[in-house]
There are 2 protein chains.
Amino acid sequence: MKKVTMADVAKLANVSKSTVSQYLNKRYEYMSEETRKRIARAIEELGYQPNIIARSLKQKTTMTIGVIVFNILHMLTTQVLHAIEEACQERGFHVIVSNSDDDPEKERKYIEMLRAKQVDGLIIFPTGKNADVYQKMVEERFPLVFIDRMVPGVKADAILLDNQKAAALAVEYFAERGYKRIGVVAPPPVSHIIPRMERIEGFRQALAKKGLPIVDDYFITTEIPYIQNELARLFASGRLPEALFAINDLTLMEVLYFIKGNHIKIPDELAIISIDDVPFAHVYTPTLTTIAQPTFAMGKKAAERLFLQIAKKSEHQPQIFRFSPTFIERGSAKEKNVIRKREVT
Amino acid sequence: MKKVTMADVAKLANVSKSTVSQYLNKRYEYMSEETRKRIARAIEELGYQPNIIARSLKQKTTMTIGVIVFNILHMLTTQVLHAIEEACQERGFHVIVSNSDDDPEKERKYIEMLRAKQVDGLIIFPTGKNADVYQKMVEERFPLVFIDRMVPGVKADAILLDNQKAAALAVEYFAERGYKRIGVVAPPPVSHIIPRMERIEGFRQALAKKGLPIVDDYFITTEIPYIQNELARLFASGRLPEALFAINDLTLMEVLYFIKGNHIKIPDELAIISIDDVPFAHVYTPTLTTIAQPTFAMGKKAAERLFLQIAKKSEHQPQIFRFSPTFIERGSAKEKNVIRKREVT
DNA sequence: CTTTCATACTAAATCGATTTAGTAATTATA
DNA sequence: TATAATTACTAAATCGATTTAGTATGAAAG
């Protein structure tokens, strides 16, 4: 039951290994019809399957890319991964996915391991905390694409949402419909997580631009497990906002859970818009108005950029791509009634 | 910028490659403190990173497994994948995921490619149509685990839900609450997709056991895109069932979409129970009563079984594992009112 | 004082492909 | 007719590790 190698095929077909190799690589130029057939028959007979590891060692290319994500539970991750998968399968590439759990230590380790495994390139949803490691890859011209988040100072391709615009879209929609007291729900803004900053800051700026009040209490920026508490505290204070902007799917889930537990009526008592078009948005009651990221296009772009870098390692000009969000109007934010059913304060 | 190899390290440290290799594999037994330090320094100085491809060629193990799924959009897939990932990361394994799209041709190709890539084992959500290929792997004692679906006649490990029980759980719950006219929504039952058969047949048997009518019209078994139509036709006929059993998350989405579009009230006009505990089940209105698959345990088990096979290729006894579903009682099926709001004949 | 043993290494073979440089035979060109 | 070119191959080096069999040295044992 030992493995069949090229040498076995060569022996059976009565040719050299070199010729078999030529055959496998379809370099038929100077090969007789007769030889070709003999080799084909030998391969068939032995059930020979080439060993790609051996080939990779010589060729220094593995036709494999690595993807490091910081959170698989995120909807964006799943969908982008799907798109990357698809783009890779079209070109015969394979994908190895690793989960950094937003832990820079783990991320660093996975980068090392994947590079040791000789992946041809890396697409990273970065934790943002390994600037030195990222920088080294850029300097070595190792193919690298950031997605979802980017790292200031590291000159690499980055595929991002236009987060400011996404926040503005939400605020403008609320504003136009007469909502004034608007809050935001997000994990804590930290300087190395750019999109979070951009969404929260974009929200603040859009509020200012529309001349709407910026109320500190309406900025629920705390870790996911504490969002319920914060929301409850705000609710108990009696100064509930009229509308809430959830900056991603995970925070939206918290908001919905809170609303459910407190029998708050959407959109009459509280309007909601979130980034990430969750799959149940159109079957929820009310249907959810969301701001969709073009996840598929983003994943595809990331893969394309990586392939570009792999193809011509040298003269590659890193670029930052900002993808426009799409506003999907549904039912969780409507024309605001002047007289509310449950007036607070 | 050429790669640093073990030979470079050996030269700088003034030892042989063998010694460096021993060092890297922590076989310090007969190595002087002095040498160890020199090697460590040389590695540090050169920024040496071992090439795992070369190592794999010699060792005939890649510390990589392949997973072939038939549908990434399925919730089960995502969650099981997550569990497999985690189990692999614990043991230093990497995972390559490929999507067969339920196309046997694709599946066959991916099996070939992954084996050419020398993966140490394969976890497959099988299309069910490549029995010959699966069988060959079993005969060669190539580590293989089926998950979600199994293939009759192929003696390999299989991780499955107890589908009959899942169906029975739903029917019994409905029956005990006074529901009589119960329907099922599923893709078409085909002989090579075992769980689908088991769920539909299990449903039929449970109905019989409870002495409930088996109405052909209440078996909506058609491809996902046509479910809306079938549901509409049934609805138009005026003979709506009182309860519906959705056999997975994808069919549930169709049911919910239909319900939404037709302003049907859950659970008063139509009760619903589905297999797969969708992430929004607890925030939906009403909350959704579901039958959860222990996805995490299943993924973990699949990985463990594969590792077992990898560890001792020979004396491995293939087994079929049936995981028990968990009934999660929420609000989409309640005590049935004797007088219905909208009585249909 | 030889032999054995333990220690601290190394040379060379090996894994299974690809690739380069070359050979032998035949055909075309000067 | 001698030389060049083309065709159809092959031997051997190579990729970068691991591993086996072995060597050299000094200490312990007989």
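So you know, we letter chains A, B, ... as the sequences are listed, proteins then strands, and number each from 1.
Note that the first and last nucleotides of DNA chain D, 5' to 3', having any atom under 4.0 angstrom from a heavy atom of chain A are D:dT7 to D:dG16.
The environment of NZ in B:K129 is sparse: at most 12 heavy-atom neighbours from other residues, nucleotides or ligands sit within 6.0 Å.
Residue A:K17 is in base contact, counting any heavy-atom pair closer than 4.0 Å across all strands shown. Within 4.0 Å of A:S32, counting heavy atoms only, lie sugar-phosphate atoms of the nucleic acid but no base atom. Counting any heavy atom pair closer than 4.0 Å across all strands shown, B:V15 reaches sugar-phosphate atoms only and no base atom. Within 4.0 Å of A:S56, counting heavy atoms only, lies no atom of the nucleic acid at all. Among the atoms of the strands shown, only primed sugar atoms or phosphate atoms (P, OP1, OP2) are found under 4.0 Å from some heavy atom of B:M31. At the heavy-atom level, B:Y23 lies nowhere under 4.0 Å from the strands shown. Across all strands shown, A:T5 has heavy atoms under 4.0 Å from sugar-phosphate atoms exclusively, and none from any base.
Between B:S18 and B:Q59, the one whose closest nucleotide on DNA chain C sits nearer the 5' end is B:S18. Between B:K60 and B:T35, it is B:T35 whose nearest contact on DNA chain C lies nearer the 5' terminus. Along DNA chain D, the nucleotide closest to B:A54 and the one closest to B:T19 are compared, and the more 5′ of them pairs with B:A54.
Residues A:I194 and A:P152 are in side-chain contact: their nearest non-hydrogen atoms beyond the backbone lie under 4.5 Å apart.
Contact check on A:K109 versus A:E105 returns no salt bridge, with no Lys/Arg side-chain nitrogen under 4.0 Å from an Asp/Glu carboxylate oxygen.
Figure legend: B:K301 and B:F323 shown without cation-pi pairing, the cationic atom not lying both under 6.0 angstrom from the six-membered ring centre and within 45 degrees of its axis. Relative to the six-membered ring of B:F70, B:R149 meets both conditions, a distance below 6.0 Å and an angle of at most 45° to the axis.
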Indicate every side-chain donor-acceptor pair of residues 43-52 of chain A with a distance under 3.5 Å to a residue at least two apart or in another chain.
| unit_1 | atom_1 | unit_2 | atom_2 | d |
| --- | --- | --- | --- | --- |
| A:N51 | OD1 | A:I53 | N | 2.8 |
| A:N51 | OD1 | A:A54 | N | 3.2 |

